[in-house]
A.B. asks: 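My structure is below; once you've seen it, I'll send some questions.
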Amino acid sequence: MSDTQTIAPPFDIEVLRNEFPNISDTAASGRPIVYLDTAATAHKPLQVINRISEFYSKQNSNVHRGVHTLSAQATAYYEESRKEVQSFLHAESADEIVFTKGTTESVNLVAYTWGERNVGAGDEILLTEMEHHANIVPWQMLCERKSATIKIIPVLDNGELDMDAIDSLISEKTKIVAVTHVSNTLGTINDIATICDKARRHGIVSFVDGAQAVMHLEVDVQKIGCDFYAFSAHKLYGPTGVGILYGRKALLESMPPFMGGGAMIDTVTFQKTTYANAPGRFEAGTPNIAGIIGMAEAIRWFRKIDVNQLAAYEANCTSILLDTLRSIDNITVLGAAEHRIGIATFVADGAHAHDIGILLDEQGIAVRTGHHCTMPLLQRFGVQQTVRASLGAYSNQADVEAFGNALQKSLRMLQ
Amino acid sequence: MSDTQTIAPPFDIEVLRNEFPNISDTAASGRPIVYLDTAATAHKPLQVINRISEFYSKQNSNVHRGVHTLSAQATAYYEESRKEVQSFLHAESADEIVFTKGTTESVNLVAYTWGERNVGAGDEILLTEMEHHANIVPWQMLCERKSATIKIIPVLDNGELDMDAIDSLISEKTKIVAVTHVSNTLGTINDIATICDKARRHGIVSFVDGAQAVMHLEVDVQKIGCDFYAFSAHKLYGPTGVGILYGRKALLESMPPFMGGGAMIDTVTFQKTTYANAPGRFEAGTPNIAGIIGMAEAIRWFRKIDVNQLAAYEANCTSILLDTLRSIDNITVLGAAEHRIGIATFVADGAHAHDIGILLDEQGIAVRTGHHCTMPLLQRFGVQQTVRASLGAYSNQADVEAFGNALQKSLRMLQ
Amino acid sequence: MSNQRVIDQLQLDLESLPDWEDRYAYIISLADRLAPFPEKYRTDTFLVKGCQSRVWLHAEINSGLVTMDADSEALIVKGLVGMLMMIFNNRTPEEILQTTDGFIEVLGLSKHLSQNRSSGLASMIKQIKLFAIAFMAQHA
Amino acid sequence: MSNQRVIDQLQLDLESLPDWEDRYAYIISLADRLAPFPEKYRTDTFLVKGCQSRVWLHAEINSGLVTMDADSEALIVKGLVGMLMMIFNNRTPEEILQTTDGFIEVLGLSKHLSQNRSSGLASMIKQIKLFAIAFMAQHA
Ligand SMILES: Cc1ncc(COP(=O)(O)O)c(C=O)c1O
Ligand SMILES: Cc1ncc(COP(=O)(O)O)c(C=O)c1O
């Protein structure tokens, strides 16, 4: 909320690392693990972990306007969490914030509800070649139900979107443009404001997948001009099982419900059921109360950091990471976008990603290997299995150096 | 799992209450709250709260066969949780257990996938008059999409199902029977084995809503003979944001996916996507990892208690509760089923449920008031607003007595 | 009595009652002060949203004053509605809008009148203020 | 060499290597012991499911022995596949089925061969045993 304090500069990485038990507490695992898998899920600061325990031990109750004190209090925390997200995304109203179980559900919700009503035979959905499967498969399933088709904004060799191609890809049949804010494989930050602006000028709805963006950039949905924006709490230093769907109020109100059940209804009879207004209409059943309260705490924690200082700090770590990789023979990093976050995905000539991952793990370095749920993107770059190192706010230069050394040793062993 | 220890008799309520910080820790809220809202959500034992904290502080990682140790470990916990649920429900295979975000999502999943493929125009879905909205609205939405209709098994005055009516309600058009195992408003335990048997003999699929059953009864899906069974972790002394859908393997395998995204696919191209086998096919995106691990811990905690002793203990509390209510003038308890669990829903002549709830809260008694997401059932009993007191394993005679006294005082004040 | 004087008086009355039981008896007694609710308004149109017990509210403007009828099927809620009517009924739109929500705290009623509570009376206050704004716009 | 003797020998070899690097070098060296994989089997039909790097496995029965060809595109995985072939290839179905998964622990390979690991070699072992069962049924 607006009373969030900003921790005074300078950004102190050691203070920050100490807030993460997974990083500071080497006793936990025997040896510290250099965690370069933050793009898959971020570690959680103690403030978030404690908030969840506190809720379960002292405040536990179901929500939705129960008459008793515990329930009213839980409902208050729940609705304050919605306001926290509203303020975080700079949305106009808290009613534009829907709680889901993750980015994946957020995309599916829109594809099932907005899509069901607005996409018909012959219509087109515009995606990019760098989308995560979460922002591909729900649209494919919609297209299959509706006999619509998918069009693709290509990715250039440097890992940026081919912005020039967009105009010619938009047609009268285009109903929605769904684009990732930041690529989870290339780290590229896309110019989504321009894309959303093009969409709006053609009367096309825009959906932005912010799963990899919210923990690195200031996100202002009104400045971006998108109709929908989605992210997951677990990548934003928060708990698992919680996601956000932001939707412009008029759009949300126009959409039919997704799941049916308690709390999303107004009245129920076997003859006719009427539904609650948004966002309630999209939140059937008992929500992930503790998770949602924990996510709000994660946002409060995150907003204590000055996002510009964080970005500068992360940019520095990222260039050390990229320089390290470029200095190693036979390594090819996918993409070289100018605007990027701390993700580096690479292949090594003559060494399989899986082997590299195994040997890095043996040296206490956690990276992700595989397709990172972006098979079409890897196909575009002509590779199948890759290694991805990704940074978080708590990553430091020592992590990157340890990774560089371990990687060189691994490559030697695989020669 | 099979090595679960059973705490030796006798069932010691004081030991058990001490495991629940919300109940034992009066310092938390200033004064102890008599919590009679367990049917809405149960309090959590310390063992569960600590397991979640431990995961977040020492073991945090995304799942799905990551190459690094943390990820492999998290995946192992995740899959062990599935086995824990399999064993808890006596399912034949762990592949029959799908993780959802709650009972509500479990019902919707079946309505969207199995329903989409198997229900057509003119077909019938058989529900009961006592269903929770979660087991009504998804089927209504399906019927609307498919021009199918809903048929209702009536509830008798004593709160039991009219079992005699079932045969005449089943027709050649009946595709699925969806019945609650235990009524969240009446407490009635339904004879679902008989209903599922009738269904099976007519080649009709059966769905059981076990949200109010798993914490009170031994549930054996093979003995019950149901095709689907659903419940929520948060009512079983576990975390919010986790549910279970059990489905017979052949049925699950025959169903199309529900949500699209990562982890539910086999291969993705823009031309064609192929899906993983069940249960993975139904678990798109990053799951509620900490919640699922916490739920498995809740089941382990629960299974240390001998379920027969628990049932006997709860039955005793329940009859004290019912006797207390029946001894008060002008109180009418809904239903009087012979087989029931610790739920009592009532109205008072001349006093509105909401007023009663407010005054009980003032005296430190937490009950739920309203329609309990069973509007059609309340309509059948000719009431609109009711008070519900519901018991958990930790409820004791003193709770019930405090409730009885506070209720009488409240009624005096409202005269 | 001016709006503020009503609030002061209510505060005095409530504070003179140390027992919670007596405070509730007092609130309930305020239900009797409500004028009988015209049956023609007892329809869904005039229902206040978000309240567990049904609350009805009808408002019109008469010679510059906002005149309201209100009712609830629950007794305590009806008493609270009675209190809101003492504060807001037959006031000018300006007076209504000048009454900040501070009185909720002052009267020790946040448990009943704040958001997220089942009584839903927060939405009633909001609706009264929306009426006032509408009437002002209408007559501007 | 009997099945058990192979396992004993592997255990001796691995335990003589105190360094993790040397153990991996040893595992990788076993990749060379694999017979070249027949290209006609390098198809999706013969892919082992659940492995991050692709692993192929083809099996047939020859004079009562289960004869297998196997390959992987990753080096360490291929070494592990080589090890599995030393243990399981050219054995009778009975011998294969008698080999319990205990050897995984004994060789210190649970990190690679147990379930939930990205190598997916647990499913390979499972598949080899399914082949054995099928061949036994066929010849029963
Ligand atoms: C019988 C019954 N079915 C379904 C539900 C819905 O469960 P959830 O809200 O956890 O999805 C509940 C709980 O409210 C219930 O009592
Ligand atoms: C860009 C992007 N979109 C969507 C997702 C899916 O998020 P979740 O798995 O939390 O639903 C991810 C994370 O894996 C991602 O990186």
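The shown structure was predicted, so the numbers you read here are calculated from the model rather than taken from an experiment. Letters A, B, ... mirror the listed sequences (proteins, then strands); counts begin at 1. Side-chain atoms are counted along with the backbone in the values below, which use heavy atoms only and exclude waters and symmetry mates.
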A.B. asks: Please classify the contact between H234(B) and chain A as side chain, backbone, both or neither, with a heavy-atom cut-off of under 4.5 Å.
C.D. replies: side chain

A.B. asks: Out of G291(A), A111(A), A134(A), which one racks up the most heavy-atom pairs below 4.5 Å with chain B?
C.D. replies: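 The answer is A134(A).
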
A.B. asks: Looking at chain A, which one of V367(B), V107(B), N50(B) has the largest number of heavy-atom pairs inside 4.5 Å, strictly under?
C.D. replies: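 The option with the most such pairs is V367(B).
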
A.B. asks: Against chain A, label N288(B) side chain, backbone, both or neither, depending on which of its atoms sit under 4.5 Å from a heavy atom there.
C.D. replies: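 Its backbone and side chain both get close to chain A.
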
A.B. asks: Check whether the side chains of D209(B) and H132(B) place a donor and an acceptor atom closer than 3.5 Å, and report yes or no.
C.D. replies: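 Judged by distance alone, the side chains do not pair up.
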
A.B. asks: Do T38(A) and Y394(A) meet the criterion of a side-chain donor-acceptor pair at a distance under 3.5 Å?
C.D. replies: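 Their side chains do contain a donor-acceptor pair, which is all the 3.5 Å distance test asks for.
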
A.B. asks: Name the region of A42(A), side chain, backbone, both or neither, that has any atom closer than 4.5 Å to a heavy atom of chain B.
C.D. replies: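 When you check distances to chain B, only backbone atoms of A42(A) fall under 4.5 Å.
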
A.B. asks: Between P257(A) and chain B, which part of the residue has a heavy atom less than 4.5 Å away: side chain, backbone, both or neither?
C.D. replies: both

A.B. asks: Counting heavy-atom pairs under 4.5 Å with chain B, which one of T269(A), I136(A), I152(A), L46(A) comes out on top?
C.D. replies: I152(A)

A.B. asks: At a 4.5 Å cut-off on heavy atoms, which part of P376(B) comes close to chain A: side chain, backbone, both, or neither?
C.D. replies: both

A.B. asks: For Y237(B) and E19(B), what are the C-alpha separation, side-chain angles and deciding distance, and is it a side chain to side chain donor-acceptor pair (under 3.5 Å)?
C.D. replies: CA-CA 11 Å; Y237(B) 310 102; E19(B) 299 187 61; over 6 Å; no

A.B. asks: Yes or no on side chain to side chain contact (heavy atoms under 4.5 Å, CB included) for S71(B) and R368(A), after CA distance, side-chain angles and deciding distance?
C.D. replies: CA-CA 9 Å; S71(B) 181; R368(A) 192 126 304 233; 3.1 Å; yes

A.B. asks: Does any backbone or side-chain atom of Q59(A) lie under 4.5 Å from a heavy atom of chain B? Answer side chain, backbone, both or neither.
C.D. replies: backbone

A.B. asks: So what's closer than 4.5 Å to chain A heavy atoms on F258(B): side chain, backbone, both or neither?
C.D. replies: both

A.B. asks: Looking at chain B, which one of P287(A), G241(A), A353(A), G261(A) has the largest number of heavy-atom pairs inside 4.5 Å, strictly under?
C.D. replies: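 Ranked by contacts with chain B, first place is G261(A).
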
A.B. asks: Is it the side chain or the backbone of P45(B) that comes within 4.5 Å of chain A heavy atoms, both, or neither?
C.D. replies: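 Neither part, no heavy atoms under 4.5 Å.
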
A.B. asks: Please check: side-chain N/O of R281(B) versus main-chain N/O of A276(B), any donor-acceptor pairing under 3.5 Å?
C.D. replies: yes

A.B. asks: If you tally heavy-atom pairs under 4.5 Å against chain B, which of I52(A), N60(A), T41(A) wins?
C.D. replies: N60(A)

A.B. asks: Between S61(B) and Q73(B), is any side-chain donor less than 3.5 angstrom from a side-chain acceptor?
C.D. replies: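 Absent: no donor and acceptor within the cut-off.
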
A.B. asks: Which one wins on heavy-atom pair count under 4.5 Å against chain A: V268(B), N135(B), V137(B)?
C.D. replies: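 When all of V268(B), N135(B), V137(B) are compared, V268(B) has the most.
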
A.B. asks: How close do C373(A) and G262(B) get, counting heavy atoms only, and between which atoms?
C.D. replies: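 Smallest heavy-atom distance, with atoms named: SG-CA, 3.8 Å.
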
A.B. asks: Heavy-atom distance under 4.5 Å to chain B: side chain of N108(A), backbone, both or neither?
C.D. replies: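 Contact with chain B involves the side chain of N108(A) alone.
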
A.B. asks: May I ask you to decide if the ring planes of Y78(B) and H64(B) are parallel, tilted or perpendicular, using 30° and 60° as cut-offs?
C.D. replies: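 Correct class here is perpendicular.
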
A.B. asks: Counting only heavy atoms closer than 4.5 Å, note whether I289(B) contacts chain A via side chain, backbone, both or neither.
C.D. replies: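 For I289(B), heavy atoms of backbone and side chain both lie under 4.5 Å from chain A.
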
A.B. asks: Mind checking whether E116(B) and R145(A) have side chains closer than 4.5 Å, heavy atoms only?
C.D. replies: no

A.B. asks: Of all heavy-atom pairs between I150(B) and W139(B), which one has the smallest distance, and what is that distance?
C.D. replies: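 Closest pair (atom of I150(B), atom of W139(B), distance): CD1-C, 4.1 Å.
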
A.B. asks: Checking L127(A) against chain B: side chain, backbone, both or neither under 4.5 Å from a heavy atom?
C.D. replies: side chain

A.B. asks: Any chance the side chains of T274(B) and T267(B) put a donor and an acceptor closer than 3.5 Å?
C.D. replies: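 The criterion, which ignores hydrogens and geometry beyond distance, is satisfied for T267(B) and T274(B).
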
A.B. asks: Give, as side chain, backbone, both or neither, the part of T103(A) having an atom under 4.5 angstrom from any heavy atom of chain B.
C.D. replies: neither

A.B. asks: Can you tell which part of M259(B) gets under 4.5 Å to a heavy atom of chain A, answering side chain, backbone, both or neither?
C.D. replies: both

A.B. asks: Walk me through it: do H354(A) and V67(B) pass the test side chain to side chain contact (heavy atoms under 4.5 Å, CB included)?
C.D. replies: CA-CA 7 Å; H354(A) 192 180; V67(B) 73; 3.8 Å; yes

